[in-house]
Amino acid sequence: MASAKLTAKDLLTLGFPSGKPVTIALQLIDTYYTDLARNHQIELLQDVLTAPEQYKLQATLGPLAQAILTQKSSGPIELKPGKQKFAIYGGENIEGGALHQMELAMRLPIAQAGALMPDAHQGYGLPIGGVLATHNVAIPYGVGVDIGCRMCMSIYDIHTGFIDKNQDKLKKMLLDNTRFGHTSFKRPMNHPVMDRPEFSELPIVREMKDRAYQQLGTSGGGNHFVEFGTVEIHDVNNDHDLPKGKYLAILSHSGSRRLGANIAGYYTKVAMDACQLPPDAKHLAWLDLDTEAGQEYWLAMNLAGDYASACHHQIHERLANKLTEQPMAVIENHHNFAWKEKDATGKEVIVHRKGATPAGKGVMGIIPGSMATPGFIVRGKGEAASINSASHGAGRLMSRTEAKKTLSLPQVRKYLQKAGVDVLGSGLDEAPMVYKDINKVMASQQDLVEVVGTFHPKIVRMNGDEKYIEVD
DNA sequence: ATGTCC
């Protein structure tokens with residue numbers, strides 16, 4: 001009898017090409033060879049792998065042999081040789097790994113143009129802070145795991161002193177009306193996005209519907225937050241007729257939760273099966289938008305984006321209800337997404353922004369700093385070289401593990417106290433000092449955006465034990 | 001980012 005069941009990982013270790021050969025091999029074992037001892041199962045599969053020609057006409061092992069042969073004969077897609085040009089902003093403070101990933105992405109045969117934002121750092125496939133324009137293909141890892149990760153700010157005609165006078169009340173308001181990480185609301189509010197046909201039509205999305213409903217109106221972990229702060233409007237040209245002045249604002253950062261993560265994971269695998277790239281570029285696998293899988297991904301990605309937007313709107317709605325006020329303006333934008341846009345010559349391109357703020361001419365957006373440094377309301381300048389994009393934040397200076405190793409709670413509490421910021425939840429890995437200087441980052445993208453308003457966080461809620469960083 | 005391994 002077989003002992004430990006063979007897994008995909010075992011087969012990859014044996015040198016099976018990922019994708020169809022692995023899938024078929026596991027199916028064959030499950031269907032015909034469950035009685036065979038594990039080592040004999042492995043021997044059998046290895047025989048087919050080393051000499052697929054001898055097995056290709058066999059009834060049972062034929063399909064596996066064929067899949068291996070197809071993979072071998074097609075070979076990986078070739079990358080363009082040499083360095084391709086792309087614009088880099090704030091390059092003196094961008095890590096080598098992110099730069100290398102962007103250089104690699106530019107060599108894809110489907111790459112039309114690219115740019116690297118000043119907050120860039122290494123990710124899977126495209127770097128975070130990477131922008132890539134392609135023609136009629138979508139790269140799931142060019143969008144990222146958290147599809148539709150976005151910012152939303154509501155601005156209230158409430159004087160800023162209200163925050164200091166109502167500290168405890170506002171803290172409780174955040175604790176009662178936001179949920180982070182693995183927690184969710186006992187009774188989620190419904191939202192029209194849950195009635196979208198994609199929830200019944202796309203298999204991978206259908207499986208996620210219950211979880212998506214459960215997570216409606218919640219925020220994620222890591223760098224996600226909901227905070228009260230003050231915003232100063234410097235420029236009346238702001239799309240919302242906001243007069244110059246100081247206002248109370250609520251700012252949120254979150255994405256599409258488990259729904260988007262599963263969509264990203266599933267379609268990345270589909271892409272990697274359909275699009276074989278050299279090993280170091282494999283996470284940049286794409287889906288042709290004329291194929292069924294490509295169209296499915298496009299629909300699912302857009303759904304995840306709308307779902308993420310719905311989550312933010314519910315967060316802001318809950319808080320607006322408690323404040324018994326309606327905002328004067330709401331400014332929001334995705335920063336992990338792909339859009340159909342026109343390039344300078346009028347040709348339609350798919351613009352992937354993985355941790356980048358849309359900054360077309362006149363387009364409003366939000367670029368946050370950290371829990372204790374300013375964030376900015378910006379208006380895009382429509383700079384073609386940046387593919388109408390800007391950074392999505394300050395960018396990390398220190399890894400999470402390094403932060404936990406080198407920083408201490410008293411040190412961070414002192415910093416927050418000095419900055420006059422209250423933090424509920426979070427941890428050392430999100431401390432302000434793990435991020436680049438947001439003012440320098442903004443300075444390096446003056447050609448990309450104009451600053452319309454400056455936001456200062458005052459009461460911040462993030463994932464984790466509410467008492468962890470709390471300074472009071 | 002994510003109940004972080006198909």
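Just so we're on the same page: letters track the sequence lines, and every chain starts at 1.
Between the OH atom of A/Tyr266 and the P atom of B/dC5 there is a distance of 19 Å, given to the nearest Å. Going from atom OH of A/Tyr124 over to atom C1' of B/dC6 covers 13 Å, rounded to whole Å.
Outside the 6.0 Å centre-distance limit, the rings of A/His253 and A/His392 are not counted as a close aromatic pair.
A close approach under 4.0 Å does not occur between any side-chain nitrogen or oxygen of A/Arg257 and OP1 or OP2 of B/dA1. Contact between the side-chain N/O atoms of A/Asn223 and the OP1/OP2 oxygens of B/dA1 is found at a separation under 4.0 Å. Contact annotation: A/Arg400 reaches the phosphate of B/dA1 (side-chain N/O to OP1 or OP2, under 4.0 Å).
Taking the centre and axis of the six-membered ring of A/Phe337, the NZ or CZ atom of A/Arg150 falls outside the cone set by 45° and 6.0 Å. Remark: A/Arg396 is positioned above the aromatic ring of A/Tyr435, its terminal NZ or CZ atom under 6.0 angstrom from the ring centre and at most 45 degrees off the axis.
A side-chain contact (heavy atoms from CB on, under 4.5 Å) with A/Arg461 is found for one member of A/Thr178, A/Val423, A/Asp422, A/Asn177 and no other, namely A/Thr178.
Comparing atom distances between the A/Gln215 side chain and each of B/dA1, B/dG3, B/dC6 picks out B/dG3 as nearest. Distance from the side chain of A/Val145 is smallest to B/dA1 among B/dT2, B/dC6, B/dA1.
Across all strands shown, A/Gly255 has no heavy atoms under 4.0 Å from either base or sugar-phosphate atoms.
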